Amino acid sequence: MSALSFDRVSFTYAGAVSPVLDDVCLEVPEGAFALLSGATGSGKSTLLCLAKPEVAPAGELSGTVRAFNEDVRALGPVASARAVGYVFQSPEAQMVCDTVWHEMAFGLENLGTPEAEMRRRVAETATYLGMGSWFRDRVAELSGGRRQVLALASVLAMRPRALLLDEPTSMLDPVTEQAFLALLFRANRELGMTVVVATHAPGPMIDYATCAFALEDGRVRQVELEELRPLGDDLLPSSPLPTTTGEAQALSLDDVWFRYDRDAEWVLRGCDLTVSVGEVRALLGANGCGKSTLLQVAAGVLRPRRGRARNACADDQALLPQDPRAVLACETVRDELMELSASSGRYGAAEVDAALERLGLAGCPDRHPYDLSGGQQQLLALEKLLLVRPRLLLLDEPTKGLDRAARVAVAERVRTASSDGATVLLATHDAAFVRAVADTASLVFDGEVTATEPAGEFLAGSWLYSNSRNGSWSESSSSSSSSRSSTCSCSSSSSPQA
């Protein structure tokens, strides 16, 4: 039996001229662990969302999407929850409760699950995923890795037969990523759950997968798993990085301590950091080590409980958070890019037109930002901030959810901003991005900056990041064929271009 089937499915977003999906035919058999790759904005998220009508985008749909031989549009809420579970690219998009246990129970409450059954399912899921030690924690205080596990747990508690995940590891450090993938593998093999993952970084998932597909020009084609195995790093700066002054300080943190509540654990503990004017500094470290908090303290969004944070650029800075939607507040893509024009006085309509071209959105300036893919939202939010040409640019996971071409574009934009005089402080797990843009790199551990070195030296001597999943900027390989058999099928009324 097919877990999911797409029969001649086409989809055009409201207000768009051309379809993002064009006559897609695809079958994923029950029990598969399937990977779905494709460029940023190719329609991967759209395709998955169409299998879950509750989160499907607005637009014109033709063809039929079935889950376990049932048209998904005919399923009621309970039947839909039992058939298909969906984990969003950004876990914040599905978090609605203040505590972990309540978040896990929320979906079950809405389905009218009896209290005894609900308590058992929540307890079993938390035990299965090893969440006991943080089961009663506040969601707002969880690390990115734990939020991703919570998003998975909240869906698993409803026991769907198929699990769809959109870029689930894009914000995870290499160690946390492997642990998360092991959980998915257990759900697939031990619980018999069909798993479909849309991803730009398929390399770490290849050994778990049974089949893979690529979405290109609105069509789906089946690919061999080994085609997705990454090559070595092939992106280096096209020109020498700007030299920092080494004198004037743009940022300094002196013995900074921070925690979110009086009784909470310290997130930053005696943290010291100095960033020179014109420097591009990368912060690396595990999920939950304090990188995002450090950025917010540097920006003045959070105030230290102890110690002192100095920011010479506080009146001319821009902060890109992990969730780009925090930056997006307008009804159209063009309005987003124009929003800061008047207040900054640094750009106008001509610069916005050029930005739309860079983003590949010149043909749909009136599209709602939330109708863009997660990667496109990320690029739009970054471009919106860069148009202002801030003296200080603070970036939290700027390449998450992006394909190689988009990551290269972000690297070029950051290098351009630095060349124009901006100081950049960024938090990331993307080692290749660090190699491409950063002057220096710092390791954050246990709430402190424990080491700072020139970026090349840091990566060369790192046991953790020298071979991380994002060390590659390529998504294809000429390696030998996979030893695992492909069990999924894909067809179309007309063959797509390879």
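Keep in mind that what you see is a predicted model, and the values were worked out from it rather than measured.
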Novice: Under 4.0 Å between a Lys/Arg side-chain N and an Asp/Glu carboxylate O for Arg358 and Glu383?
Specialist: yes
Novice: Run Val449 and Leu294 through side-chain contact (heavy atoms from CB on, under 4.5 Å) and show every step you take.
Specialist: CA-CA 10 Å; Val449 175; Leu294 192 157; 4.1 Å; yes
Novice: Determine yes or no for a side-chain-to-main-chain donor-acceptor pair under 3.5 angstrom, with Thr176 supplying the side chain and Leu172 the backbone.
Specialist: no
Novice: Check this for me: does any side-chain nitrogen of one of Glu167 and Lys400 sit under 4.0 Å from a carboxylate oxygen of the other?
Specialist: no
Novice: Is there a side-chain contact (heavy atoms from CB on, under 4.5 Å) between Val175 and Phe180? Walk through the geometry before answering.
Specialist: CA-CA 9 Å; Val175 175; Phe180 185 83; over 6 Å; no
Novice: Hey, is the main chain of Ser341 close enough, under 3.5 Å, to the side chain of Tyr347 for a donor-acceptor pair?
Specialist: yes
Novice: Taking all non-hydrogen atoms of both residues, which atom of Ala81 and which atom of Pro160 are closest, and how far apart?
Specialist: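 Minimum heavy-atom contact is O-CB, 3.5 Å.
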Novice: Ignoring hydrogens and angles, tell me if any N or O in the side chain of Ser418 forms a donor-acceptor pair with the backbone of Val414 under 3.5 Å.
Specialist: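 Pair absent, no side-chain N/O of Ser418 close to backbone of Val414.
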Novice: With a 4.0 Å cut-off on N to O distance, would you call Glu448 and Arg269 a salt bridge?
Specialist: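 The answer is no: the pair does not qualify as a salt bridge.
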Novice: Find out whether Phe88 and Ser45 are in side-chain contact, i.e. whether some heavy atom of one side chain is under 4.5 Å from a heavy atom of the other.
Specialist: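 No. Closest side-chain heavy atoms not under 4.5 Å.
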Novice: In this structure, which one of Arg281, Glu453, Lys291 forms a side chain to side chain contact (heavy atoms under 4.5 Å, CB included) with Ser442?
Specialist: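 Single pass found, and it is Arg281.
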Novice: Is the CD atom of Glu54 crowded by more than 12 outside heavy atoms at less than 6.0 Å?
Specialist: yes
Novice: Checking Lys384 side chain against Val327 main chain: does a donor-acceptor pair fall under 3.5 Å?
Specialist: yes
Novice: Hey, are the side chains of Met205 and Thr199 touching, using non-hydrogen atoms and a 4.5 Å cut-off?
Specialist: yes
Novice: Decide, yes or no, whether a salt bridge links Asp430 with Arg407 under the criterion of side-chain N to carboxylate O below 4.0 Å.
Specialist: yes
Novice: Does the pair Gln148 and Val87 meet the rule for a side-chain contact (heavy atoms from CB on, under 4.5 Å), with working shown?
Specialist: CA-CA 9 Å; Gln148 195 67 67; Val87 178; 3.6 Å; yes
Novice: Show your working on side chain to side chain donor-acceptor pair (under 3.5 Å) between Gln322 and Ser292 and close with a plain yes or no.
Specialist: CA-CA 8 Å; Gln322 286 189 6; Ser292 297; 3.1 Å; yes
Novice: Any side-chain heavy atom of Trp257 sitting closer than 4.5 Å to one from Pro304?
Specialist: no
Novice: Does a donor on one side chain sit under 3.5 Å from an acceptor on the other, for Glu279 and Thr440?
Specialist: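 Note: Glu279 and Thr440 side chains meet the donor-acceptor criterion.
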Novice: Kindly check if the number of other-residue, nucleotide or ligand heavy atoms within 6.0 Å of CD (Glu124) is above 12?
Specialist: yes
Novice: For the residue pair Thr46 and Pro57, establish whether any side-chain heavy-atom pair is separated by less than 4.5 Å.
Specialist: yes
Novice: Taking the side chain as every heavy atom from C-beta outward, state whether Leu380 and Leu337 have any atom pair closer than 4.5 Å.
Specialist: yes
Novice: Strictly by modelled atom types, are Ser42 and Glu216 linked by a side-chain donor-acceptor pair under 3.5 Å?
Specialist: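 The criterion, which ignores hydrogens and geometry beyond distance, is not satisfied for Glu216 and Ser42.
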Novice: Do Thr169 and Pro204 come within less than 4.5 Å of each other through their side chains, counting heavy atoms only?
Specialist: no
Novice: Please work out which of the three classes, parallel, tilted or perpendicular, describes the rings of Phe185 and Tyr208, given edges at 30° and 60°.
Specialist: tilted
Novice: Are the side chain of Thr423 and the backbone of Gly278 linked by a donor-acceptor contact shorter than 3.5 Å?
Specialist: yes
Novice: What's the verdict on side-chain contact (heavy atoms from CB on, under 4.5 Å) for Leu320 and Leu426, showing C-alpha distance, side-chain angles and the deciding distance?
Specialist: CA-CA 9 Å; Leu320 178 69; Leu426 61 95; over 6 Å; no
Novice: Sub-3.5 Å donor-acceptor pair from the side chain of Tyr260 to the main-chain atoms of Val267, do we have one?
Specialist: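 Side chain of Tyr260 to backbone of Val267, a donor-acceptor pair under 3.5 Å: no, none is there.
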Novice: Which residue is it: Val155, Leu156, Leu152? I am looking for the one with a side chain to side chain contact (heavy atoms under 4.5 Å, CB included) to Thr125.
Specialist: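 Of the listed options, the one satisfying the test is Leu156.
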Novice: Tell me whether Asp316 contacts the main-chain N or O of Pro390 through its side chain, where contact means a donor paired with an acceptor under 3.5 Å.
Specialist: no
Novice: Determine, for Asp255 against Arg306, whether the closest basic-nitrogen to carboxylate-oxygen distance falls under 4.0 angstrom.
Specialist: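 Looking at Arg306 together with Asp255, the answer is no, because their closest N to O distance does not fall below 4.0 Å.
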